[in-house]
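Notes follow once the structure below has been shown.
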There are 2 protein chains.
Amino acid sequence: MTTDETVVPAVHRTARQRAREQITTELLGAARRQLAAEGAAGLSLRSVARELGMVSSAVYRYFDSRDALLTRLIVDAYDALGATAEAVAEAPESTAEAAAEDTGDLARWVNTARAIRAWAFDHPHEYGLLYGSPVPGYAAPETTVASGTRPSRALVGIVARAAAAGRLAPPSPAEAPPLPAALAAELEALARQIGADAVSPEVAVAMIGAWTQLFGLVSFELFGQTRNMVVGNAALFDAAVTRQALAIGLR
Amino acid sequence: MTTDETVVPAVHRTARQRAREQITTELLGAARRQLAAEGAAGLSLRSVARELGMVSSAVYRYFDSRDALLTRLIVDAYDALGATAEAVAEAPESTAEAAAEDTGDLARWVNTARAIRAWAFDHPHEYGLLYGSPVPGYAAPETTVASGTRPSRALVGIVARAAAAGRLAPPSPAEAPPLPAALAAELEALARQIGADAVSPEVAVAMIGAWTQLFGLVSFELFGQTRNMVVGNAALFDAAVTRQALAIGLR
DNA sequence: TGACTGAAGAGAGCAGTGCTCTCGAATTGG
DNA sequence: CCAATTCGAGAGCACTGCTCTCTTCAGTCA
């Protein structure tokens, strides 16, 4: 960013600061609209400037470059999707809708998956920015990583809590070959690192499988890879996701 | 294309035709190199023209637009990946390497998955073009669909042949809820349509799951979604892919 | 062989892009 | 009230995709 966007304490903000915030918001809004309408390739700094009646060079007072703007949009999108996922994944059991719905771990997972898919369909270009092919400069380092892992962390959290509470069903009769020792150790370390100690390597593999399949399926549906197939088929999605969740041991 | 590239019978081609073919090839080669080096966004018609010592407008004699060039690259990439996958998926059992290797259906699937992953790692930008977020104009209609489904068809073929030969293991004790009737019917119709009559809806769901998980995992590995995780971990990939293949019933 | 047709390349030019720089005007904090 | 900072405007650079015109030359047909 051009100036570091430190959060100003509270009340006393100068008119300039308030103007800057508002214009930043308007720029982001216009950019987001163009992104939604034309996709990332069609997003031009000049045209968002034009939309706000300002000249292109003025935008550089707010964003260092087009890439910086795009990166900001990416972070925001990650947060939006993350918040959506978290809302479902971590919904307390006492929610109104929860009264009627099943609130088991399995239902939590499936509902979260559905929410992610729904968000993706509502924001296809943004989803593409997040989980499609990355373009060079974007979303480089630390900034995005915290937001970028949010959606996935929501999913992992479901499993981690279920595992910690001993609510995970034992794996089905071991038909799969055992994991290589090195991989098992790696996964165990990883689980500990993210504070999911109760997640065994076997469960981790199943979870990673479910995770990648979820986003793989959504991407295929969205990017037209399933054109000749059952497209946008919610029932298929549910079936596939449910089967993966069962394989993790969620019930 | 500017002129329809009908395959000239054989021998008698005029010098002009030969020149056109060669220049087309050189253009594609240069474009492919730039794509590999800088990614799709960095591929410019003018710079490939420059590389061949011609002026930008001359390139339009060979490709209608930048999008047409890119579409051609996409089709070629699909074919390259498809050929790679087919070579492994349909390798006769009598191959030299097959003597030492396992040639069961399971091994076939896993090896094909490995080949796809390896190709993706060798051609990251091309893979991104194929399975990343699509950009508006590209790869629109019929042209790509035949090539575009090749990699996936190689995988499906393994299952279809195994199913037809009755070599599929029965599903594990039914812990998953039965498929909705409508979905089952749809999948059955789909299977018949692609000439895989022996593939039951349950197997189809497992296969679609394995398929989407495969590409989801590769995409995550390639696009950096797994940065903080076990990155480029072949053992993890193998484990996940094997488990999915087992769920299909491959042995 | 010679003339006509069509293809290929060169070059100029247009509209658009991201980005830089400079120069006034306005707002701020001392 | 004044100096310092911030902001917007404008011109300009290098680049892009694409179109148009003009010239040259290979292929074909009489």
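The model shown is predicted, which means the values in this text are computed figures rather than measured ones. Hydrogens, waters and symmetry mates are skipped; everything else that's a heavy atom, side chains included, is used. By convention in this document, chain letters (A, B, ...) are assigned in the order of the sequence lines, proteins followed by strands, and residues within each chain are numbered from 1.
Per the geometry, CG belonging to B:Leu70 stands 15 Å off P belonging to D:dT16, to the nearest Å. A:Gln17 places its CD atom 12 Å from the C1' atom of C:dG29, with the value rounded to the nearest Å. Rounded to whole angstrom, the span from the CD atom of A:Gln34 across to the C1' atom of C:dG18 amounts to 15 Å. Note: CZ (A:Arg61) to P (D:dA9) measures 11 Å, nearest angstrom. For the pair A:Arg18 CZ and C:dT27 P, the interatomic distance rounds to 15 Å; values are reported in whole Å. Distance A:Phe63 CZ to D:dC7 P: 13 Å, rounded to the nearest Å. B:Arg20 has its CZ atom 16 Å from the P atom of C:dG6, to the nearest Å. As a whole-Å value, the separation of B:Leu45 CG from D:dC18 P is 7 Å.
Taking the nucleotide of DNA chain D with the nearest heavy atom to each of B:Ala15 and B:Ser57, the more 5' of the two is matched to B:Ser57. Summary of the strand contacts: A:Ser47 and B:Gly53 both lie near DNA chain C, and taking for each the nucleotide with the nearest heavy atom, the more 5' one is attributed to B:Gly53.
At the phosphate of D:dT16, OP1 or OP2 sits under 4.0 Å from a side-chain N or O atom of B:Ser44. The side chain of B:Arg50 places an N or O atom within less than 4.0 Å of a non-bridging phosphate oxygen (OP1 or OP2) of D:dT16. Between B:Tyr62 and C:dG9 there is a side-chain polar atom (N or O) within less than 4.0 angstrom of OP1 or OP2. At the phosphate of D:dC15, neither OP1 nor OP2 sits under 4.0 Å from any side-chain N or O atom of B:Arg46.
The side-chain tip of B:Arg66 does not point at the ring of B:Phe63 from less than 6.0 angstrom away and within 45° of straight on. A:Arg20 forms a cation-pi arrangement with A:Tyr62, by the criterion of a distance under 6.0 Å to the ring centre and an angle within 45° of the ring axis.
Classified by interplanar angle (parallel below 30°, tilted 30° to 60°, perpendicular above 60°), the ring pair A:Trp119/A:His123 is parallel.
For A:Arg16 against C:dA26, a side-chain N or O and a base N or O form a donor-acceptor pair under 3.5 Å. Side chain B:Arg66 to base D:dG17: no donor-acceptor pair is found below 3.5 Å.
In the model, B:Ser133 has no side-chain atom that pairs as donor or acceptor with a side-chain atom of A:Tyr127 under 3.5 Å.
Judged purely by atom type and a 3.5 angstrom limit, B:Arg153 uses its side chain to pair as donor or acceptor with the backbone of B:Ala146.
Considering only side-chain atoms of A:Ala58, the nucleotide from C:dG9, D:dC18, D:dG8 that sits closest is D:dG8.
As judged by a 4.0 angstrom heavy-atom cut-off over every strand, A:Ser56 is placed among the base-contacting residues. When heavy atoms are screened at a 4.0 angstrom cut-off, B:Leu52 is found touching no nucleic acid atom at all.
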